[in-house]
Amino acid sequence: MQPRTARRASLRELDEDRADEATDFDLKDFLPYLLNQAAEQAGLSFQRIYKARYGMLRTEWRVLFHLGRYGPMTAKAIGMRTRMHKTKISRAVSALEARRFLTRTQLENDRRLERLELSAAGRRAYADLSAHAQAHDADLMGQFTTQEQAVLRRCLGQLAGF
């Protein structure tokens, strides 16, 4: 067994070797990191809008959006579309129901499932936030040429599996 000081020296040398190897890797050039940072930046700037106007969290906005865009559906269907965990969807649905933005109806053929549908207030909030989302999207994309916008949307869609 090596003495403690020899082990520390070995670990230090190993760390220095790894640091030398890692100098070729820059996290800022790592695509998953770039995508995450861009999504976070874009998402936070839009979050200020829906939070200020309706006090919503991101998950609530996403559930509201899917019901507004695609019509009535189950929480399970929302989960498949959004890739959100069912507990997050459940909390968002409860919050939207408490604000009277949606209604729940048990399905006759499977009482474990509920049909979620926007109420009149939910449809108004969806229409309002959709207009803000379109303006926000235009602001974000305004820094790119029309050709760059098309390439960016195509590449991101491909990465997202759309």
Side-chain angles (χ1 to χ4, degrees), residues 15 18-19 21-22 25-144 148-162:
D15 288 344
R18 286 185 183 153
E21 292 171 11
F25 179 76
D26 187 352
L27 185 61
K28 291 181 286 186
D29 291 330
F30 185 50
L31 186 59
Y33 178 78
L34 283 170
L35 291 170
N36 180 272
Q37 293 299 304
E40 195 63 25
Q41 185 66 30
L44 286 175
S45 57
F46 185 60
Q47 181 183 35
R48 288 184 200 101
I49 296 169
Y50 58 77
K51 191 168 190 165
R53 296 183 73 76
Y54 296 98
M56 284 185 191
L57 300 175
R58 185 179 294 183
T59 53
E60 294 164 19
W61 153 245
R62 291 174 70 188
V63 168
L64 181 90
F65 168 80
H66 279 81
L67 291 172
R69 174 69 178 93
Y70 302 109
M73 65 179 78
T74 64
K76 185 175 183 175
I78 292 171
M80 290 173 63
R81 285 184 173 274
T82 63
R83 300 178 186 155
M84 286 176 13
H85 193 272
K86 63 184 180 181
T87 56
K88 289 186 177 197
I89 295 169
S90 178
R91 286 187 197 118
V93 166
S94 293
L96 292 170
E97 183 181 39
R99 288 189 184 95
R100 294 185 163 61
F101 283 168
L102 65 76
T103 59
R104 303 181 199 216
T105 308
Q106 262 187 351
L107 296 181
E108 288 183 26
N109 59 339
D110 188 345
R111 299 227 179 253
R112 296 170 299 170
L113 298 175
E114 296 174 318
R115 178 180 186 256
L116 305 173
E117 184 173 7
L118 291 184
S119 64
R123 288 190 298 275
R124 285 191 300 273
Y126 169 74
D128 175 50
L129 289 174
S130 291
H132 284 282
Q134 288 174 336
H136 182 70
D137 187 67
D139 286 345
L140 286 172
M141 295 303 271
Q143 61 189 307
F144 302 108
E148 289 171 331
Q149 289 178 26
V151 169
L152 180 59
R153 287 189 193 280
R154 188 178 68 246
C155 290
L156 290 175
Q158 187 175 349
L159 285 171
F162 298 152

Mind checking side-chain hydrogen bond (donor to acceptor under 3.5 Å, both in side chains) for Y126 and listing every partner two or more places apart, or none if nothing turns up?
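Here no residue qualifies.
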For R104, what residues pass the side-chain hydrogen bond (donor to acceptor under 3.5 Å, both in side chains) criterion, not counting sequence neighbours?
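Partners of R104 under the side-chain hydrogen bond (donor to acceptor under 3.5 Å, both in side chains) test: S94, E97, E114.
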State which residues pass salt bridge (Lys or Arg N to Asp or Glu O under 4.0 Å) with R115; sequence neighbours excluded, sorted by chain then number.
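Applying salt bridge (Lys or Arg N to Asp or Glu O under 4.0 Å) to R115 gives E117.
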Output all residues satisfying salt bridge (Lys or Arg N to Asp or Glu O under 4.0 Å) with E148, sequence neighbours left out; order by chain, then residue number.
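Checked E148 against salt bridge (Lys or Arg N to Asp or Glu O under 4.0 Å); zero matches.
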Write down the atom of A92, the atom of V63, and the distance for their closest heavy-atom approach.
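So the two residues come closest at CB-CG2, 3.8 Å.
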For the residue pair [X] and [Y], establish whether any side-chain heavy-atom pair is separated by less than 4.5 Å.
X    : Y   : result
I78  : L67 : yes
T59  : R91 : no
I89  : T82 : yes
F101 : M56 : yes

Quick one: [atom1] on [X] to [atom2] on [Y], what's the gap to the nearest 0.5 Å?
X    : Y    : atom1 : atom2 : result
R83  : R62  : CZ    : CZ    : 9.5 Å
Q143 : Q149 : CD    : CD    : 9.5 Å
L116 : T105 : CG    : OG1   : 8.5 Å
E60  : L102 : CD    : CG    : 10.0 Å

Evaluate whether atom CD of Q158 has more than 12 neighbouring non-hydrogen atoms of other residues, nucleotides or ligands under 6.0 angstrom away.
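Open: at most 12 neighbouring heavy atoms sit under 6.0 Å from CD of Q158.
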Step through the shown structure and confirm whether more than 12 heavy atoms of other residues, nucleotides or ligands are within 6.0 Å of CE on M141.
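Counting neighbours around CE of M141, more than 12 heavy atoms of other residues, nucleotides or ligands fall under 6.0 Å, so yes.
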I need the full list of salt bridge (charged side-chain N to carboxylate O under 4.0 Å, His left out) pairs touching residues 66-82, with sequence neighbours left out, sorted by first then second residue.
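Passing the test, one end in residues 66-82: no pairs.
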Check: R100 main-chain N/O paired with S119 side-chain donor or acceptor under 3.5 Å
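It does hold such a pair.
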Tabulate below the donor-acceptor pairs under 3.5 Å that side-chain atoms of residues 30-52 make, not counting sequence neighbours, or state none.
{"from": "S45", "atom 1": "OG", "to": "Q41", "atom 2": "O", "distance (Å)": "3.3"}
{"from": "S45", "atom 1": "OG", "to": "A42", "atom 2": "O", "distance (Å)": "2.9"}
{"from": "S45", "atom 1": "OG", "to": "H136", "atom 2": "NE2", "distance (Å)": "3.1"}

